[in-house]
Amino acid sequence: MSARLWSPATGVGSMPGGDAREAAKTVTGSFDGPEEGMPHLAELPARGPGADMIGRTAGMLVDLYARVEPSGWRVGDRPGRDTRRARAWLGEDLDALEEFTQGYEGPLKVQAVGPWTLAAALELRNGEVALSDPGACRDLAGSLAEGLREHLADLRRRVPGAQVVLQLDEPSLIAVLRGQVKTASQYRTHRAVDRQVVEDTLRDVLAVQDGGPTIVHSCAPDVPFALLRRAGAHAISFDFSLLTERDGDVIGEAVEGGTKLFAGVVPGVDGGLSDPAGSVMGVRTLWRRLGLNPGSLAESVTVTPSCGLAGASPAYAREVLAHCVKAARSLADNPE
């Protein structure tokens with residue numbers, strides 16, 4: 001995947017508040033062109049059910065509908081109020097992004113929940129999550145893929161100069177692989193899903209990009225880098241602070257194999273920020289420890305917040321995105 005399809009910095013997905021125009025203004029105005037950073041379609045979960053990550057993606061599904069129950073999102077027979085609300089907010093966010101990307105040319109990122117995190121959260125009619133039923137998982141993944149095709153096509157129509165980048169959010173992926181997702185009773189867990197099935201399903205959903213750039217994001221520990229690469233992810237987005245020494249080898253293999261790393265190095269909640277060089281010091285240290293070419297740093301790494309910014313104040317969110325740009329510039333100017 002050519003480096004020109006990426007940018008040195010970007011956000012993860014969610015933003016604070018409930019004003020779609022203000023969020024779009026921030027994610028587009030924080031970067032002075034794609035050579036500085038990649039704008040993204042902001043998610044605003046503070047608006048409530050339907051704007052949360054599960055509800056937003058459930059609203060994209062084709063021929064599958066969901067409604068809010070006290071226990072969470074549950075599959076329903078027909079599109080109801082909750083589905084309509086999710087779709088209306090997504091439309092509002094798209095309208096705002098379109099307004100602030102007039103004439104834009106370059107990478108533009110959109111996020112959706114991946115098939116396994118969705119299967120671990122979306123309940124079937126019996127109250128158990130879709131993960132409990134392999135057939136339901138297949139149907140859910142197929143519906144998600146079809147919905148994403150329509151969503152990506154809509155974004156391309158709205159911003160014709162954009163190189164659309166698809167990010168799948170999979171924070172529950174490790175729990176799915178390890179059999180750690182709890183049943184409705186909370187007393188047991190659903191059995192682990194076979195790794196090959198997980199990989200094949202992710203590959204099928206990522207294929208909606210038809211070769212275009214794809215990212216899988218997880219801000220959970222133990223991101224399965226090798227599995228995600230085999231599934232076809234061109235880039236992997238993660239919380240850098242959660243890496244352990246045992247991740248070193250797979251990180252090195254990923255870099256040498258051309259996988260882009262979206263390194264979450266800037267805290268996503270309000271607090272003091274270090275100087276930009278300090279934010280990426282750990283990345284430089286990792287590069288040296290793995291014996292990787294320092295000259296490849298800027299090409300291999302995109303700097304991001306550690307996770308979404310929904311829990312930040314609007315002022316801090318703006319500060320974080322600007323800080324990511326400065327930290328990425330520090331990596332490029334002083335790779336060693």
Nearest-0.5 Å distance that lies between atom [atom1] in [X] and atom [atom2] in [Y]:
X      : Y      : atom1 : atom2 : result
Leu227 : Arg203 : CG    : CZ    : 8.5 Å
Leu122 : Thr117 : CG    : OG1   : 12.0 Å
Leu41  : His151 : CG    : NE2   : 5.5 Å
Asp82  : Arg74  : CG    : CZ    : 12.5 Å

| said: Do Phe262 and Val265 land in one hydrophobic cluster if side-chain heavy atoms of ILVMFWY residues count as linked below 4.5 Å? | reply: no
| Hydrophobic cluster identity match, Leu286 and Val303, side-chain contacts under 4.5 Å | yes
Ion pair check, [X] and [Y], cut-off under 4.0 Å:
X      : Y      : value
Lys25  : Glu22  : no
Asp52  : Arg56  : no
Asp275 : Lys326 : no
Asp93  : Arg47  : yes

| message | Walk me through whether Ile54 and Leu118 qualify under side chain to side chain contact (heavy atoms under 4.5 Å, CB included). | response | CA-CA 7 Å; Ile54 299 300; Leu118 197 59; 4.2 Å; yes
Check: [X]/[Y] side-chain N/O donor and acceptor closer than 3.5 Å:
X      : Y      : answer
Thr26  : Arg21  : no
Ser132 : His190 : no
Asp239 : Ser306 : no
Thr259 : Arg229 : yes
Gln167 : Ser237 : no
Thr10  : Thr304 : no

| request: Show your reasoning for whether side chain to side chain contact (heavy atoms under 4.5 Å, CB included) applies to Trp73 and Val68. | output: CA-CA 5 Å; Trp73 284 88; Val68 178; 3.5 Å; yes
| field | Stepwise side chain to side chain contact (heavy atoms under 4.5 Å, CB included) check, Trp287 with Val255 | value | CA-CA 10 Å; Trp287 236 248; Val255 171; 3.5 Å; yes
| request: Would you check, one step at a time, whether the test salt bridge (charged side-chain N to carboxylate O under 4.0 Å, His left out) holds for Asp210 with Arg149? | output: CA-CA 10 Å; Asp210 199 21; Arg149 281 192 189 92; over 6 Å; no
